[in-house]
Amino acid sequence: MTLLELKNIVLQQGTFRLQVPHLKLRAGRLYALKGQNGSGKSTLLRLLALLQMPQSGEVYFAEQPTFSAGGRFRRLRQQITLVEQSPLLFAGSVEKNLAFGLKLRGFSGREMAERIGEALEIVGLGGFQQRSTRELSGGESRRVALARALCLRPQLLLLDEPTANLDAAQVEALESFLTGLPEQGMTVVIATHDVAQPQRIDGERIELIDGHVSQVRSDTILSGCPAQGPDEPLVAGGAASLRI
Amino acid sequence: MTLLELKNIVLQQGTFRLQVPHLKLRAGRLYALKGQNGSGKSTLLRLLALLQMPQSGEVYFAEQPTFSAGGRFRRLRQQITLVEQSPLLFAGSVEKNLAFGLKLRGFSGREMAERIGEALEIVGLGGFQQRSTRELSGGESRRVALARALCLRPQLLLLDEPTANLDAAQVEALESFLTGLPEQGMTVVIATHDVAQPQRIDGERIELIDGHVSQVRSDTILSGCPAQGPDEPLVAGGAASLRI
Amino acid sequence: MGYLGDSFITAIELILGFDREVQMTVWTSLYTSGCATVIAALLGIPIGLWLGLSRFRGRRLLITLLNTLMALPTVVVGLVLFGLFSRQGPLGPLGLLFTPLAMIAGQTVLATPIIANLVLAAVSGADRRIISTALTLGASHLQAARQLLREIRFGVMAAVIAGFGRVIAEVGVAMMLGGNIRNSTRTMTTAIALETSKGEFAFGLALGLVLLGVALLVNLGLNIVQQR
Amino acid sequence: MGYLGDSFITAIELILGFDREVQMTVWTSLYTSGCATVIAALLGIPIGLWLGLSRFRGRRLLITLLNTLMALPTVVVGLVLFGLFSRQGPLGPLGLLFTPLAMIAGQTVLATPIIANLVLAAVSGADRRIISTALTLGASHLQAARQLLREIRFGVMAAVIAGFGRVIAEVGVAMMLGGNIRNSTRTMTTAIALETSKGEFAFGLALGLVLLGVALLVNLGLNIVQQR
Amino acid sequence: RLRLATTTSTENSGLLAELLPPFEAANDCRVDVIAVGTGKAIKLGETGDVDVIMVHARGKEDNFVEAGFGVDRRDVMYNDFVLLGPANDPAEVKGGSETAIALAKIAASKSTFVSRGDDSGTHSREKQLWQKADVAPAGDWYLEAGRGMGEVIVMAGERQGYTLSDRGTYIAYQQKTPLKIVVEGDKGLFNPYGVIMVNPVRHSHVKVDLAKKFLDYLTSQQAKALITGFRKGGQQLFYVVD
Ligand SMILES: Nc1ncnc2c1ncn2[C@@H]1O[C@H](COP(=O)(O)OP(=O)(O)OP(=O)(O)O)[C@@H](O)[C@H]1O
Ligand SMILES: Nc1ncnc2c1ncn2[C@@H]1O[C@H](COP(=O)(O)OP(=O)(O)OP(=O)(O)O)[C@@H](O)[C@H]1O
Ligand SMILES: [Mg+2]
Ligand SMILES: [Mg+2]
């Protein structure tokens, strides 16, 4: 099933122009977004999170247009969560940060506490509930931001360089957790500069070169994994550049 | 020559305690600072940058005590520059950011322009002088912060995960630049989570485990590099844990 | 001058003596300024948020106008509202003139631009990621704005306190719209003005000290609320 | 009330007529408020910075006191300074009473806590890394504080504008310490109060509109300076 | 430079603007007028912050001189008070000539009366008149406003009540208030203005010569002519003492 589809997107931002003739994200897949500094990864992720509007083109969520059908944004946004490249934590306790999104979704106190505890365990911060966000190390902050997104269990999880400040053990733990998400039906997009990461997480590649998106068949397809058979051409628009 | 020496440092910060029985940084060397998230790398670097005061112990700069000899801080700080883990750029142009430290040191307009241009070239941002810092990508921001420190050519350069958001090409370029600095007499300390980085930059290891510092002979010494003969015991205080 | 010392003693006497009339004046002051500040906050905070978060043509001009409104003299507000509330004015039939309600209206006009401006300043200084973070966590724009307010609460509190200080200390509106009627619309400030015009400087100053004491209590109270 | 409309016409006549006396009053208002705002900024900005950046016992109490000083009524300031400047007061021999200098002193007292408080709020809301970044780049603590001010200039500007608005609109201090002497210490606000007490409502309101016009010009000017 | 503290009525009526320029021209000086309430004007004299005061509150003036704050008190002129009331005259006092009787009727009918309530000269006179009427005014109908004359007239107009005013202020407000004169011409309504020099023995900086000249001027024929000739709304406001 197609979860998100971008068509003929042009997003101008200063002198930078993001162009996405066509991009398709399917439900229950894991995507690795690659590209040099300034190639537009974060911009694309903000677009996918419906935070930034394109000058032209349309984004379809579950085959419904989004930007042109104003007003339904918020409900859509509750199914898409982005962890930004330098995430901001709200002032206060770690618990409050994680509770923010859960409260908006109407969870009860017990459910919240449960989900918060689980999410913190995943990022290796069990017991950090009462810590103030002002007194965390760089890696701990990033992990709190990750947990804050994970506990919402969105349909589409967008991660902008999630492992940039994590230590080796945490990277490994997170990667193994993330690779399990597609099975649960979640779609994950990870922007990364770690050249080996896409392979480790077995992700389909999306490559950005100077604002031009090209979607590349994943290595797993090339190596013939039956679960992800090529039911339609994946490469769409622009010159497809195959890199690892 | 010993550039910086720490003795019997105890720095309490919330529930976290940084302990440095003894640490010696010699002029013209490159150090790699390793440790898990929350082990105290950033805290140690802030201490080395004379930004944070320990509860007890003393830091000697060029064999002179610093904290107990109040007032001379500023002159010392002009010889130590830290690029923080999530660096802050001042509002305004990239050029203004780089000019800030140069102006304080009384450089003329021409010298400034020259140094700014050079530093930006090093981080691959030639021509970015007039760009507003509010309109940079994550990696570009970090590189501006690096350039802002590099253009000051301090005696001691402290880098907190400098390559965390850089693309592969930039990492390589920066590493090769940094390895050249010791020859020019500069001392560099790099905190990193990249397990292969210490080896690539040929740095002596400093390892942090739960706030305990241990200084480890560099691999180059173990592999018998003559330029860095062991003129004195490098491991000081605490249990030395040899890891790569 | 002798009266500076005298007034201290008088102030203490006034407070300890629980003078009925002084209590009444304190209450009128607190009541009108309190209501006005609350209404002004309910108006000014959304205005400040809106101006701080939206981008449109003419926004800078609007901000400059709002800045200018901070220089609104109390007498001008008094005159304009007097014109509205007077028997011959459009709102005359309501009979609001020389009642606490008229004073509240005037003080609200004074405090709203102050609160709006200072909230705007706080919003402008806030991290831009607060809103987008709240949005990606599933908040509506309104909920995101509320979270922003929570993050900049120190600035918002300062704005409200500044607005409160302005109205509890002001005398022009209270005088013109309230009328300084004994046991009805006499506030601390109009009482001070009256005593001063009588030449009772020590008594006037004593009332001033009582007023500052009351303001201190309010601020201590807000402080405790804020630290909760 | 007819005077609302009348006053518009009168205001325009006053401005276009270049009435000497009105010009004089405008100038006195601008001069005293301008000087007072500048002095208050020179005092209040460092106080706000210091309170915002340092941590010591009793700091919160000091901040609460400073908050309270925003509720300082103009009449109280007027009375206290009157006591100092009066012939029998300690500063009596200087003969400052009923001169513009006395008004500037009083207005400075009014504006300083406002500016200090709002700068403090801006500092508290600022990114903590600004100071440490400046320090690691070799700045002294003073230079770092200056850089911080530059980063929060929107908030500082709002503070100064709020202070200016407060003093150009205030009438108590100008009245008590200046004395509303024609061609000498008569300001826009004391003139408005005078005209109002004469029953010349339209003329008073017209002067009020002129005052707002002047404040608008000042704010437009500051706006241009700020955007440079 | 001479500093004169005076009541708002003299300044606001515009009299001083006619009276002062000839003196200023003749003596090459400036008279700074500080227009405040009577109580405050006297206080300014006590503290020595002005050289001359001109007020209307005979009792207080005498105390001021007796206490040694001022010297050389002289009568300058007088004006008169009028009792104002709404056109429908609910207390039915219109046309009376005895103010005290009118006040008693107002109290009896509990018609709104707005008092200055500020210890001003007018307020002192009002209290005397109440005393004469043998009424201790109190209750909902008796509003103690604590404000200036003009404001009180406006307020009484808004509330459709009675009030005591000096004629000058009433004339200035005639166009703006629905109030009419209900009682005037009563002897008890005369209001003399006195001018007093601040005692130079207590305050050495007082400009004795100039102040003396000013007092002489105010009681001179030239000034008397100006005072008598001063008209507002076609009416004479001040009368000189002969
Ligand atoms: N301001 C603070 N107050 C109290 N505790 C703090 C503060 N800042 C950091 N800490 C704690 O101190 C410890 C060391 O933090 P530090 O930032 O030095 O770690 P780090 O080694 O740099 O970690 P990372 O790899 O995540 O950047 C952490 O446990 C952290 O929670
Ligand atoms: N607010 C903005 N206004 C104008 N240009 C911007 C803005 N933000 C980013 N840019 C520019 O847009 C381009 C893409 O930025 P983006 O942050 O998407 O890059 P990125 O691929 O995420 O890079 P990085 O790897 O450094 O994070 C860059 O050239 C950047 O300079
Ligand atoms: Mg990015
Ligand atoms: Mg760190």
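The shown structure was predicted, so the numbers you read here are calculated from the model rather than taken from an experiment. Just so it is clear: chains get the letters A, B, ... in the order the sequence lines come, proteins before strands, and each one is counted from 1.
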*Can you check whether B:Lys34's main-chain N or O pairs, donor with acceptor, with B:Glu207's side chain at less than 3.5 Å?*
no

_Side-chain donor/acceptor of B:Tyr60 to backbone N/O of B:Thr2, under 3.5 Å_ = no

At a heavy-atom separation under 4.5 Å, does [X] approach chain D through its side chain, its backbone, both, or neither?
| X | value |
| --- | --- |
| B:Phe90 | both |
| B:Leu88 | both |
| B:Leu51 | side chain |
| B:Pro154 | neither |

*Note, B:Gln36 side chain near B:His193 side chain (heavy atom, < 4.5 Å)*: no

*For residues B:Pro182 and B:Arg29, determine if any side-chain heavy atom of one lies less than 4.5 Å from a side-chain heavy atom of the other.*
no

Check every N and O of chain B against chain D and note each donor-acceptor pair under 3.5 Å, with its distance.
residue  : atom : partner  : partner atom : Å
B:Arg74  : NH2  : D:Gln143 : OE1          : 3.1
B:Gln78  : NE2  : D:Gly138 : O            : 2.7
B:Glu84  : OE2  : D:Ser132 : OG           : 3.2
B:Ser86  : O    : D:Arg129 : NH1          : 2.5
B:Ala91  : N    : D:Glu151 : OE1          : 3.3
B:Ala91  : N    : D:Glu151 : OE2          : 3.0
B:Arg105 : NH1  : D:Leu137 : O            : 2.7
B:Arg105 : NH2  : D:Leu137 : O            : 3.3

*asked:* So which residue, B:Ala91, B:Gly101, B:Ala49, B:Gly92, ends up with the most heavy-atom pairs under 4.5 Å with chain D?
replied: B:Ala91

*asked:* According to salt bridge (Lys or Arg N to Asp or Glu O under 4.0 Å), who are the partners of B:Asp194, at least two apart in sequence or on a separate chain?
replied: B:Arg200

*Apply salt bridge (Lys or Arg N to Asp or Glu O under 4.0 Å) to B:Glu111 and list each qualifying residue two or more places apart in sequence or on a separate chain.*
none

*Quick one: side chain to side chain contact (heavy atoms under 4.5 Å, CB included) partners of D:Leu42, sequence neighbours excluded?*
D:Val38

*Check D:Val123, D:Ile130, D:Ile45 against D:Leu149 for a side-chain contact (heavy atoms from CB on, under 4.5 Å) and give me the one that passes.*
D:Ile45

